[in-house]
Amino acid sequence: MQPSAGSASAPSSSAAPGAGPDAGLPHTRTRWVHWIATALALTAVVGGTVALQPTDATATPDRAAPPPARTASAPDARAAAYPVDCGRAAVDVVQHASGDLDGDGRPETVAVVRCHSELGTPPSGIYVIAPASNSAGKHGAKPRVVSTFLKPTEGMSVQRLTLRDATVSATLLGYSSQQVPRCCPDLERNVNWRWQEDKFVLKAMPLPGSV
């Protein structure tokens, strides 16, 4: 899997080639529609993968059946190096879930991370990590970040993260203006990401009370 980023501009599924690693969106908006656009701009697109399936074989009566294939372990969320600048503070993994997101037969891990703080709730990032590219190589290689769903520079918090049937769902919390206390976000949006046609596609759920 190769990371890249995409964007979406409407509450329906979409994805497009996105900006580089420095393209952070403003994290405070004075209008609700702007915050929606920010939430929709979180699509992460990663390169496609190809899974080779073994050919069928019939065991002969005088030969024992081969042992079952070993299941690959999911990457350890706390072992990865995330692209988050926390200064001297540690990077906390506050939520994570593992599963085969892209259908290649190997599990990935989705992690919610933020800078450690004794007070307040720093903004969160959501990242997909995969085993080290040299998984058959040297011992101790760290898992690698292969996709970014949300950057801390977006200024949002993640209230909930779930993974079911290869769909990653999250509840994002944000602020409508600079006057809203950082302890108490006043905007909320449910979103999910799913692997479709060799990329992750973001979908924002309808707002409560909308038609």
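What you are looking at is a predicted structure, and each value in this text was computed from that prediction instead of being measured. In this chain, residues are counted from 1 in sequence order.
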Quiz item: Rounded to the nearest 0.5 Å, how far apart are OG of Ser124 and CG of Leu172?
Solution: 9.0 Å

Exercise. Of all the heavy-atom pairs spanning Lys142 and Ala132, show the shortest one and how long it is.
Key: O-CB, 3.3 Å

Quiz item: What distance separates Ser157 OG from Leu187 CG, expressed to the nearest 0.5 Å?
Solution: 11.5 Å

Exercise. Evaluate the side chain to side chain contact (heavy atoms under 4.5 Å, CB included) criterion for residues Val113 and Val94: first the C-alpha distance (whole Å), next the side-chain angles of each, then the deciding distance (0.1 Å), finally the verdict.
Key: CA-CA 6 Å; Val113 305; Val94 294; over 6 Å; no

Self-check item: Leu161 backbone acceptor or donor facing Gln95 side chain under 3.5 Å
Solution: yes

Self-check item: Heavy-atom closest pair, residues Val180 and Tyr175
Solution: CG1-CD2, 3.7 Å

Self-check item: Check against side chain to side chain contact (heavy atoms under 4.5 Å, CB included), Val191 and Phe149
Solution: CA-CA 11 Å; Val191 297; Phe149 287 170; over 6 Å; no

Quiz item: Rounded to the nearest 0.5 Å, how far apart are OG of Ser147 and CD of Glu108?
Solution: 10.0 Å

Exercise. Test salt bridge (charged side-chain N to carboxylate O under 4.0 Å, His left out) on Arg78 and Asp76 and set out the steps.
Key: CA-CA 5 Å; Arg78 290 177 173 81; Asp76 182 357; 5.2 Å; no

Quiz item: What's the shortest heavy-atom distance between Ala81 and Val145, and which atoms?
Solution: O-CG2, 3.8 Å

Practice problem: Classify the angle between the aromatic ring planes of Tyr127 and Tyr82 as parallel (below 30°), tilted (30 to 60°) or perpendicular (above 60°). | Solution: tilted

Self-check item: Validation row: Val110, His96 side chains within 4.5 angstrom (heavy atoms)
Solution: no

Quiz prompt | Approximate separation, where rounding is to 0.5 Å, of Thr121 OG1 and Leu173 CG | solution = 9.5 Å

Quiz item: Is there a donor-acceptor contact under 3.5 Å from the side chain of Asp92 to the main chain of Cys115?
Solution: no

Practice problem: State the CH2-CG distance between Trp193 and Leu163, to the nearest 0.5 angstrom. | Solution: 12.0 Å

Quiz item: Does some side-chain heavy atom of Val201 sit less than 4.5 Å from a side-chain heavy atom of Arg194?
Solution: no

Exercise. Report the distance from atom OG1 of Thr171 to atom CE of Met205, rounding to the nearest 0.5 Å.
Key: 10.5 Å

Quiz item: Taking the side chain from Ser177 and the backbone from Gln179, do they hold a donor-acceptor pair closer than 3.5 Å?
Solution: yes

Practice problem: Give the C-alpha distance, both sets of side-chain angles, the deciding distance and a yes or no for side chain to side chain contact (heavy atoms under 4.5 Å, CB included) between Arg114 and Val93. | Solution: CA-CA 7 Å; Arg114 67 189 182 203; Val93 177; over 6 Å; no

Practice problem: Identify the two heavy atoms, one from Ala170 and one from Val158, that lie closest to each other, and give their separation to 0.1 Å. | Solution: CB-CG1, 4.2 Å

Quiz item: Side chains of Ser169 and Arg160: closer than 4.5 Å at any heavy-atom pair?
Solution: yes

Quiz item: Where is the tightest heavy-atom contact between Ala111 and Ala77, given as atom of each residue plus distance?
Solution: CB-CB, 4.1 Å

Quiz item: Which of these passes side chain to side chain contact (heavy atoms under 4.5 Å, CB included) with Pro75: Ile129, Val128, Val146?
Solution: Ile129

